[in-house]
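Okay, so here's the structure we're looking at.
To find a chain, count down the sequence lines: A is the first, B the second, and so on, and within it residues start at 1. Excluded from the calculations below are hydrogen atoms, water molecules and symmetry mates; all remaining heavy atoms, backbone and side chain alike, are included.
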Amino acid sequence: MEYNFREIEAKWQKEWKERGVYRVKTDASRPKFYVLDMFPYPSGAGLHVGHPLGYIASDIYSRYKRLCGYNVLHPMGYDAFGLPAEQYAIQTGQHPAVTTEQNIARYREQLDKIGFSYDWEREVRTCEPEYYKWTQWAFLKMFAHYYDNGTQKARPIEELVAHFEAHGTEGVDAACTTPLTFTAAEWAAKSEAEKEQTLQNYRLAFRADTMVNWCPKLGTVLANDEVKDGLSVRGGYPVEQKRMKQWLLRVTAYAQRMLDGLDSLEWSESLKEIQRNWIGRSEGAQVFFDAEMADGSTRKLEIFTTRPDTIFGVTFMVVAPEHEWLADMTTAEQRAAVEEYIEQTKKRSERERIAETKRVSGVFTGSYATNPFTGKRIPIYASDYVLAGYGTGAIMAVPAHDSRDYAFARHFGLDIVPVVEGGNLEESSYDAKEGALINSDFLNGKDVKVAIVEMFAEVERRGLGKRLVNYRLRDAIFSRQRYWGEPFPIRYDGDIARPLAEDELPLELPPIKNFGPTEQGEPPLARVEGWEYELSTMPGFAGSSAYYLRYMDPHNDSALVSKEANEYWRNVDLYIGGIEHATGHLMYSRFWNMFLYDLGYVCESEPFKKLVNQGMIQGRSNFVYRVVGTNQFVSLGLRDQYQTQEIHVDVNIVKNDILDLDAFRAWRPEFADAEFILENGQYICGWAVEKMSKSMFNVVNPDFIVEQYGADTLRMYEMFLGPLEQSKPWDTNGIDGVHKFLKRFWRMFHTRTGEWALSDEQPTDKELKTLHKTIKKIREDIENFSFNTSVAAFMICANELGECHKRAILEPLTILIAPFAPHIAEQLWEMMGHTDSVCDAAYPVCNEEYLVENSFEYPIMINGKLRCKQVYPLSATPAELQADVVTKEEVQRWLEGATPKKIIVVPGKIINIVK
RNA sequence: GCGGAUAUGGUGUAAUUGGUAGCCACGUCAGACUUAGGAUCUGAUGCCGAGAGGCGUGGGGGUUCGAGUCCCUUUAUCCGCACCA
């Protein structure tokens, strides 16, 4: 019988579904293992061959773990709220729910063809009310809690209220937007609205008037991770800074815990580094400088610095153009200039500002501050090189030791006073954190590192400020002026936000017909008659922040996840997905999970123990070369002889870079009468690596590969392509090799004439050695996620075994290959007479006995060069062991000792004995 | 500018972690079988050289009996952060 993959795969996909082979239940008798893929956003384009890469890897791993005796949770679902469906709706009037449903159906169909072992009964969709009820629920919990810095934990807001009632802000150490001070009496005197306003300063989900990233084209605000280089990540539209009242999540409260937690995670160093960078912890000091205002009064201007040791070198100060006190600091003479500067910086988009970072600009306010250590009067400038959003929006400038301050001082002719020895101040500042202090009174002669520590103490002693840790991380803007997202369970009483009660959830998204913003620029929900709730909806990351918890207990309507389910499945053991979520989803879900952990709803503080980032699959485009002005196409090798135009050609009508001429003529009407200039009777196409996209005609659909070669071939080939974590272009050339292997594997169970042939004959030592070597290798490779070498190991194994029809070899081999090629394995398993699924077999274990060598390989060094690695029997005499390279006595000695595995010798001496 | 990663045949890659570089495939070449096929099988295939031999892991230097692997330096590519005080 031929290897009929179409029949086999259809049969088993149906069988698995009917038998419910992949259904998972909590089972205290077995250890759990949770393998998760980042669930997809079901886009209209469907899956291309790059999407399943990570899914295949996780499927192999979960099947492997299951065969090893674990109870494996391996679910899948859809991140179904999102911008593309909504934009499509605005253009076509098609309701996002409808297109999303269609896209999901298409995704499911594609996924099913690849033979994944998902437990589909646990599927979640973020856009369904039963699911987003729990997104809203978590939001309400965040609204009802604040973060206590002392205990590093979220606490009910009522406790804070009680504290305010008794003691005011005295003794409060809570994460907040701006530090407040009031007494119990002052609290009591506040109106209800004022009290609520005050509490918003502490709630973990809160409303605030802040600078936000506003994208006019998308008509919505965006979080920091949704903006890159001043453009929206989705769509690439310009983003501007705007002051708006928005919902935010106080993720900054968890900055330190998120930073510390990284150490305990098995994530790649580069990914951890991206998160550390994003959190951006820096240790420094808060210092207050006396600053004169234009009206003659003096205020304490607060700055943040990581280099307090350089205070003696401070010769001016700079505030951001958005600084609160700028107007008060501006003197009458400077008013016009300052206002013009503010106007000028406002006009520049974020993008221009980034592009012009090298250009120095700024303006003198007319006011002065006093350097608390030198006592000198120093001018205060405003410049947009100081960011309003970081630190306090004001800096002390040390031109001698900060390159930006240096450029600024040079431009405006300000003093440059060196306080650390080193560098050449004629050319540039000396920024290094090493050297001896000079011009710095009591710090003179001390090293920078020592001086920093002493200065901290001195600043605190003089009451000028204190040590402080600053984070780059910003609170996450949580509202979007869009329709297709979770509604906020909030109604308004005047300006007071009133949370819905838990039993009012879910607050369902009402159906609408027009998805654009209203004429007044309000979000689409403003069109809904009688909608008394918040008009914005939640952002994409809301629904994806806790989905891994929901899979544990997906149909529970009384809790996000039951305690029992959570305590059994705990957290994700292996998470596979793209690196693009490093600062978005992977930050938010850690925050979300830590919050739920504080409240006792989940038992692990980190959601994802081990994380593997699969590489991106790029496209491999093919080109044809049209001779200019004709409809003649010249093959790659001959195109230099003509003037040609390069044209993308659909990669699906090209095989191994050879163009299918008839398919090309049929591809588009203008090529119907194309003529070809061939080389060796073939038309060879050019190629290039580009992004996989429709416009490049390089999208390869997995369905197409499955149809031609089968799912098992696709699975193994995707793994064979190269290391999982590496980005690589998809190249269908080469898939034949894997397909051939599977056909060969099939033939190992059959005679040459195609009869089923399985013998009970005893395997030879050599065959056993091959088998156990392969078992060992495959197990190691799977554990190391080195799936490309494991596919190679199967091929080597097949090459070595040749026509081996022995059950004792082939049966374990079938289980061994089952995670990679489950359909063929299942079919052969059945043909071998088993009635159970190969998914429930026990994964073979390597018996090292079969690997023990009865001879050893001795690398021998001759004349300083490793010449050969010969195999000698253990019984070899020293004379036989090339006595000329080592002394006979030495050889004798190591043969008498413990049996060596490897002996490395150079003329006259043994340099290493591996035992 | 700072941080991280990568660099090996015509191509994708491998290398017991410091021990014969190029496993396994693709491609190419040759052959077998075949009423010719994009099927199957066998062999060859890093480069130079007729050969013996020489040269080879981006470049240069170093440590070592021995380096793709370790150290220094340099180049290129990719990624992350970026007036972060």
Side-chain angles (χ1 to χ4, degrees), chain A residues 228-229 268-278 280-282 284-285 303-307 310 317-318 320 353-354 356-361 383-387 389-398 401-405 407-408 431 470-473 579-580 582-583 615-616 620 655-658 660 682 687 717 720-723 725-738 740-741 743-744 747 752 777 780 786 788-799 857 859-870 901-902 904-909 911-912 914:
Chain A
K228 212 192 147 194
D229 299 332
S268 73
E269 224 17 75
S270 63
L271 179 53
K272 288 190 198 176
E273 206 51 40
I274 290 172
Q275 290 216 338
R276 286 192 192 109
N277 242 317
W278 190 258
R281 179 193 156 102
S282 56
I303 59 98
F304 174 76
T305 180
T306 54
R307 292 292 303 272
T310 61
M317 300 189 79
V318 188
R353 193 166 153 163
I354 290 165
E356 292 172 13
T357 50
K358 287 285 165 282
R359 217 182 69 190
V360 177
S361 74
S383 171
D384 66 1
Y385 87 86
V386 174
L387 304 174
Y390 184 78
T392 60
I395 62 156
M396 60 175 219
V398 186
H401 305 292
D402 182 288
S403 51
R404 295 151 305 176
D405 297 346
F408 196 84
D431 294 11
N470 218 326
Y471 298 93
R472 201 181 68 90
L473 186 71
I579 188 94
E580 66 272 17
T583 53
M616 277 249 285
R620 185 180 189 277
K655 193 175 176 191
N656 291 348
D657 292 336
I658 298 164
D660 181 332
Q682 293 175 324
W687 63 274
Y717 185 58
F720 187 63
L721 225 41
E725 302 189 66
Q726 198 173 295
S727 284
K728 55 232 160 190
W730 173 265
D731 184 357
T732 309
N733 300 348
I735 198 167
D736 284 337
V738 172
K740 256 190 249 178
F741 159 74
K743 284 200 264 187
R744 243 180 113 153
R747 282 204 304 273
R752 286 185 186 207
K777 172 82 175 144
E780 277 171 9
S786 179
N788 55 327
T789 55
S790 43
V791 177
F794 281 120
M795 292 180 179
I796 295 167
C797 177
N799 288 347
E857 292 178 349
I860 302 294
M861 189 72 53
I862 299 171
N863 298 331
K865 188 156 185 186
L866 193 71
R867 287 289 174 185
C868 54
K869 195 172 179 183
Q870 295 184 30
K901 273 203 169 147
K902 190 190 286 177
I904 298 162
V905 295
V906 292
K909 80 172 189 201
I911 57 168
N912 197 10
V914 184

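- Put simply, CZ on A:R744 is 12 Å from C1' on B:A25, counting in whole angstrom units.
- Phosphate contact (OP1/OP2 of B:A82, side-chain N/O of A:R472, threshold under 4.0 Å): present.
- Base pairing of B:G22: no nucleotide in any strand meets the Watson-Crick or G-U wobble criterion (both distances under 3.5 Å).
- Within the 4.5 Å cutoff, no side-chain heavy atoms of A:R744 are placed close to those of A:K740.
- Put simply, CG on A:N799 is 13 Å from C1' on B:C41, counting in whole angstrom units.
- Side-chain proximity of A:D660 to B:A85, B:C24, B:G38: nearest is B:G38.
- Remark: A:F741 engages no residue in a ring-ring contact (aromatic ring centres under 6.0 Å, His included) (not counting sequence neighbours).
- A salt bridge is defined here as a Lys NZ or Arg NE, NH1 or NH2 lying under 4.0 Å from an Asp or Glu carboxylate O, and A:R276 with A:E273 meets this definition.
- Contact between A:I303 and A:M317 at its shortest, heavy atoms only, is CG2-CE, 3.6 Å.
- Across the strands present, B:A15 finds no partner; the criterion is a Watson-Crick or G-U wobble pair with both atom distances under 3.5 angstrom.
- In this structure B:G9 sits in the syn conformation; its chi angle is within 90° of 0.
- In terms of modelled atom types and a separation under 3.5 Å, the side chain of A:S383 and the main chain of A:S361 share a donor-acceptor contact.
- B:U63 has its base anti relative to the sugar, with a glycosidic angle deviating from 0 by more than 90°.
- For B:C70, the paired base is B:G62 (Watson-Crick or G-U wobble, both distances below 3.5 Å).
- Going from atom CZ of A:F794 over to atom C1' of B:A14 covers 17 Å, rounded to whole Å.
- Nucleotide B:U35 forms no Watson-Crick or G-U wobble pair with any nucleotide shown, as no partner meets the under 3.5 Å limit on both distances.
- Nearest nucleotide to the A:N788 side chain, out of B:A85, B:C24, B:A14: B:A14.
- Put simply, CZ on A:R747 is 7 Å from C1' on B:U40, counting in whole angstrom units.
- No side-chain heavy atom of A:D402 sits less than 4.5 Å from a side-chain heavy atom of A:I395.
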Report each atom pair, protein N/O against N/O of nucleotides 3-9 of chain B, whose distance is under 3.5 angstrom.
none

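- In this view, A:R472 satisfies the salt bridge (charged side-chain N to carboxylate O under 4.0 Å, His left out) rule with no residue, not counting sequence neighbours.
- Residues that satisfy the ring-ring contact (aromatic ring centres under 6.0 Å, His included) test with A:F408, not counting sequence neighbours, are A:F316, A:Y381, A:Y385, A:F412.
- Atom P of B:A39 sits at a distance of 37 Å from the matching atom of B:U57, rounded to the whole Å.
- Between the C1' atoms of B:A14 and B:C2, the separation comes to 35 Å (whole Å).
- Across all strands shown, B:C79 is found opposite B:G3 as a Watson-Crick or G-U wobble partner, with both distances under 3.5 Å.
- No contact: A:P729 has no heavy atom under 4.0 Å from any strand.
- When atom types are taken as modelled, the side chain of A:N470 and the backbone of A:S282 share no donor-acceptor pair closer than 3.5 angstrom.
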Set out, line by line, the N/O atom pairs under 3.5 Å between protein and nucleotides 27-29 of chain B.
residue	atom	partner	partner atom	Å
B:G27	OP1	A:N656	ND2	3.1

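- The residue A:F720 sits close to a base: some heavy atom pair falls under 4.0 Å.
- Rounded to whole Å, the distance from CG on A:L721 to C1' on B:C26 is 11 Å.
- Remark: P of B:A82 and OH of A:Y385 are 19 Å apart, rounded to the nearest angstrom.
- For the P atoms, the distance linking B:C72 with B:G3 amounts to 14 Å, nearest Å.
- One P atom belongs to B:U6, the other to B:A21, and the distance between them is 23 Å to the nearest Å.
- For the pair A:M795 CE and B:A25 C1', the interatomic distance rounds to 6 Å; values are reported in whole Å.
- Legend: residues meeting ring-ring contact (aromatic ring centres under 6.0 Å, His included) with A:F720, ordered by chain and number and at least two apart, are absent.
- In plain terms, the two heavy atoms of A:D731 and A:L721 that are nearest each other are O-CD1, 4.4 Å.
- In a base pair of the Watson-Crick type (N1 to N3 plus N6-O4 or O6-N4) or a G-U wobble (N1-O2 and O6-N3), with each distance short of 3.5 Å, B:A44 is matched with B:U28.
- The gap from the P atom of B:C70 to that of B:U8 amounts to 16 Å, rounded to the nearest Å.
- Rounded to an integer number of Å, the gap from CD1 of A:I395 to C1' of B:C83 is 9 Å.
- Taking the C1' atoms as reference points, B:A67 lies 10 Å from B:G19, given to the whole Å.
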